[in-house]
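So you know, we letter chains A, B, ... as the sequences are listed, proteins then strands, and number each from 1. Worth knowing before you read on, the calculation uses all heavy atoms, side chains too, and leaves out hydrogens, waters and symmetry mates. Computed from a prediction, not measured in an experiment: that's the story for all the values here.
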Protein chains: 2
Amino acid sequence: MFSKACEYAIRAVVYIASETDETKKVGIQEICDHIEAPQHFTAKILQTLSRKHIVNSQKGVNGGFFLDSVQKKKSLKNIVEAVDGDQVFVGCGLGLKQCSETKPCPIHNQFKDIRNRLTKMMESTTIDALAIRLLKGESVLMQTK
Amino acid sequence: MFSKACEYAIRAVVYIASETDETKKVGIQEICDHIEAPQHFTAKILQTLSRKHIVNSQKGVNGGFFLDSVQKKKSLKNIVEAVDGDQVFVGCGLGLKQCSETKPCPIHNQFKDIRNRLTKMMESTTIDALAIRLLKGESVLMQTK
DNA sequence: TTAATAAAAGACAAAATTGTCCTTAATTAA
DNA sequence: TTAATTAAGGACAATTTTGTCTTTTATTAA
């Protein structure tokens, strides 16, 4: 469904949201320790997200990544689009470039419904909602406890 | 969502279903011409599907690929599982190996719903239903007209 | 039996994705 | 101002996916 990069991105952002605000940051090492993701690869992904203002970063002593209150209100869809693009939300299920209502692929209508539901789900799920549940211990980000 | 291999697989199988039966076959060249897929790559995929009895194949003069009436009644889910495996139907949205009801990832429930709907959709969509619509001109398999 | 045909199979090659390592730039505490 | 710290950035490597080409095997029509 999503690329590895996108999976790491969502996990990293939710973790950052759960641990930071305008006054408190976390470093890449701590992030990756808590989401079990490759450090340098994840750092690259967070660079992208930082450039797109989905996360904030600060270099130097006491630097790190953080999300402010505005960023925490954003939806998961923003993260996915920043990392994987929008094909998962709008693309044809069979990879046809010109799939449309007038020239539909064989599964056009069925697939459109799934895609639209996925889109709505990702739009209506906010980063902070997930961060709060994580803090309550109602969800996990690591493969192994 | 699906790999390129899986997209080609579905397109190829629907085309084969629309053109063949126990008495009539199509060759790999004709298949690929009609679904705009790379010939040798698609041939490999069809070998896999043939080994898994999702399509039939016959070597030699007047050989080719075909689907019998039993195979045409199968669902798309079989094709996807044969090519991409079952992760798209059962895997965690964030790539956690140990995501479960008791240790859910942050989007576990929302994602499970999407996954289940996708599964049902692919289970309830049969190859012959798509082949029939294709024959009626109600859907297309090519990128360009 | 032979020649033609068509899928199977294997060897590669290209491209994309994933992952690692090292250097650079920015920041701050001392 | 200096040293320590931390993200940014670039180069590169490994792996996976996608795609191509050639040879082999099976089948059948002549």
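- B:Asp128 pairs with exactly one of B:Lys72, B:Lys74, B:Lys73, B:Arg133 by the salt bridge (Lys or Arg N to Asp or Glu O under 4.0 Å) rule, that one being B:Lys73.
- Not a single donor-acceptor pair under 3.5 Å links the side chain of B:Ser50 to the backbone N or O of B:Leu46.
- In the region residues 40-56 of chain B, proximity to DNA chain C at under 4.0 angstrom, judged on heavy atoms, holds for B:Lys44, B:Gln47, B:Ser50, B:Arg51.
- Connection of A:Leu96 to A:Ile107 is not established within any shared hydrophobic cluster, with ILVMFWY side chains joined at heavy-atom distances below 4.5 Å, either directly or through further cluster members.
- Atom pair B:Phe2:CZ and D:dT18:P shows a separation of 13 Å (rounding to whole Å applied).
- Without hydrogens or angle criteria, A:Ser18 side chain to A:Leu135 main chain gives no donor-acceptor distance under 3.5 Å.
- Between B:Glu81 and B:Lys52 there is no salt bridge, since no side-chain nitrogen of the basic residue lies less than 4.0 Å from a carboxylate oxygen of the acidic one.
- Residue A:Lys24 qualifies as enclosed at atom NZ: its count of foreign heavy atoms under 6.0 Å is above 12.
- Using modelled atom types, one side-chain atom of A:Gln71 and one backbone atom of A:His53 make a donor-acceptor pair closer than 3.5 Å.
- Taking the C1' atoms of five terminal pairs at each end of the helix from C:dT1-D:dA30 to C:dA30-D:dT1, the two resulting helix axes are inclined by 0°, rounded to 10°.
- A single hydrophobic cluster is seen to contain both A:Leu49 and A:Val88, as judged by linkage of ILVMFWY side chains at heavy-atom distances under 4.5 Å, directly or through other members.
- Here the range on DNA chain C touched by chain B, meaning any atom under 4.0 Å from one of its heavy atoms, is C:dA4 to C:dA11.
- Considering only heavy atoms from C-beta on, A:Ile28 comes within 4.5 Å of A:Thr42 through its side chain.
- Remark: B:Val26, B:Gly27, B:Ile28 in residues 7-29 of chain B come within less than 4.0 Å of DNA chain C through at least one heavy atom.
- In this structure a side-chain-to-backbone donor-acceptor pair under 3.5 Å is missing from A:Asn78 to A:Ile54.
- Between the C1' atom of D:dT27 and the NZ atom of B:Lys59 lies a distance of 9 Å, rounded to the nearest Å.
- If you find the closest nucleotide of DNA chain C to A:Gly60 and to A:Ser3, the one lying nearer the 5' end belongs to A:Ser3.
- Cluster membership for B:Phe65 and B:Val61, using ILVMFWY side-chain heavy atoms within less than 4.5 angstrom, is not shared.
- Counting heavy atoms from C-beta on, the side chains of B:Leu94 and B:Pro106 come closer than 4.5 Å.
- A residue-by-residue look at A:Ala5 and A:Asn62 shows that A:Ala5 has its nearest nucleotide of DNA chain C further toward the 5' end.
- Checking A:Arg115, A:Met121, A:Lys120 one by one against A:Leu118, the side chain to side chain contact (heavy atoms under 4.5 Å, CB included) holds for a single residue, A:Met121.
- Residues in residues 19-41 of chain B take part in these ring-ring contact (aromatic ring centres under 6.0 Å, His included) pairs, two or more places apart or across chains: B:Tyr8-B:Phe41, B:Tyr15-B:His34.
- A heavy atom lying under 4.0 Å from DNA chain C marks none of the residues of residues 78-91 of chain B.
- Linking ILVMFWY residues whenever their side-chain heavy atoms come closer than 4.5 Å, directly or via other members, leaves A:Ile127 and A:Phe66 in distinct clusters.
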